[in-house]
Amino acid sequence: MDQACDMVGWVGFTVQMLLGAIAFIVLVFKRNQEVPKRPWKIWALDTSKLGFSQVLAHFINIWISVSMPGEDKCLWYCTILIVDCTIGVGLALMALRLVEQVLRIWKLSQLQSGNYY
């Protein structure tokens, strides 16, 4: 059985748009469950930041996957995605903690993560 992986064709594009819509619906649902609720403006800014970074990571991931040697581009995509979602998130969390520590030392509380006011 010879099945090709079509990440950049019509089916791949449709699946990606469907997954993006589901992710956005989940974010709206999550916002409605928050206590206390963030104002819509702050929620929109947070969501757009998340969306932009994920779209950028997604296209970089596709570019890397298509550039890799071999036939199984979807395998490369999944491998890079898993590494990004595990090691990448861990490294980002460590970097955030380091920046927060430096901000505490320098007494720059106005730059604290999550401080919108």
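Numbers for residues simply follow the sequence, beginning at 1. Source: prediction; values computed, not measured.
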Of all heavy-atom pairs linking Arg31 and Arg38, the shortest is NH2-O, 2.5 Å

Apply side chain to side chain contact (heavy atoms under 4.5 Å, CB included) to residues His58 and Leu19 and explain how you reach the verdict.
CA-CA 12 Å; His58 174 68; Leu19 290 173; over 6 Å; no

Heavy-atom pair of closest approach, residues Trp43 and Leu27
NE1-O, 3.6 Å

Are Val28 and Leu45 joined in one hydrophobic group, where the rule is that I, L, V, M, F, W and Y side chains link up if heavy atoms are under 4.5 Å apart?
no

Any donor-acceptor N/O pair, Lys73 side chain to Met68 backbone, under 3.5 Å:
yes

Does atom CH2 of Trp40 have more than 12 heavy-atom neighbours, drawn from other residues, nucleotides or ligands, at distances under 6.0 Å?
yes

Please check if Ile64 and Val66 belong to a single hydrophobic cluster, counting links between Ile, Leu, Val, Met, Phe, Trp and Tyr side chain heavy atoms closer than 4.5 Å.
no

Within 6.0 angstrom of Lys37 NZ, more than 12 heavy atoms from elsewhere:
yes

Separation between CG (Asp46) and CD1 (Ile42), nearest 0.5 Å, reads 7.5 Å

Same apolar cluster: Phe59 and Met17, side chain cutoff 4.5 Å:
no

Which heavy atom in Gln16 sits nearest to a heavy atom in Ile62, and how many Å separate them?
OE1-CD1, 3.8 Å

Give the table of side-chain donor-acceptor pairs shorter than 3.5 Å for residues 81-98, with sequence neighbours excluded, one pair per line with atom names and distance.
{"from": "Thr86", "atom 1": "OG1", "to": "Ile82", "atom 2": "O", "distance (Å)": "2.7"}
{"from": "Thr86", "atom 1": "OG1", "to": "Val83", "atom 2": "O", "distance (Å)": "3.4"}
{"from": "Arg97", "atom 1": "NH1", "to": "Glu100", "atom 2": "OE1", "distance (Å)": "3.2"}

Holding to side chain to side chain donor-acceptor pair (under 3.5 Å), I want the full list of residues that pass it with Gln33, two or more places apart in sequence or in another chain.
none

Taking atom CD of Glu71 as the centre, does the number of heavy atoms from other residues, nucleotides or ligands within less than 6.0 Å exceed 12?
no

How long is the gap from OG1 on Thr79 to CG on Asp72, to the nearest 0.5 Å?
8.5 Å

